[in-house]
Amino acid sequence: MAWPSWIAKHVPEKVLAFGEVEGFVINYTPDHAIRFDLLGNPVETLGAAYRRGSAQMNDILDLSKVIR
């Protein structure tokens with residue numbers, strides 16, 4: 001079974017604190033990744049590995065950084 005098909009069958013519907021899952025990315029090499037929909041269909045080819053974003057609770061809770 002190919003990776004996209006396997007992942008599509010095992011991806012959760014929601015991720016706590018992030019919401020509904022819309023798809024997934026497979027990094028094949030540092031300069032090649034593919035974004036897939038929830039059925040495992042390729043949606044976009046990326047020219048570099050996908051790096052997920054990050055957030056810290058301190059940033060979210062410190063309203064002085066948000067409200068100016």
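Quick note: residue numbers are just sequence positions, from 1.
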Minimum-distance pair of heavy atoms, taken over all atoms of Ala33 and Ala49: CB-CA, 4.2 Å
Sequence neighbours excluded and cut-off under 3.5 Å, please list the side-chain donor-acceptor pairs for residues 19-27, or say none.
from	atom 1	to	atom 2	distance (Å)
Asn27	OD1	Tyr50	N	2.7
Asn27	ND2	Tyr50	O	3.2

Check residues 38-46 and write down every donor-acceptor pair under 3.5 Å in which the side-chain atom is one partner and the other belongs to a residue at least two apart or another chain.
from	atom 1	to	atom 2	distance (Å)
Asn41	ND2	Asp37	OD2	3.2
Glu44	OE1	Arg35	NE	3.0

Parallel, tilted or perpendicular: which fits the ring planes of Trp3 and Trp6, with parallel below 30° and perpendicular above 60°? perpendicular
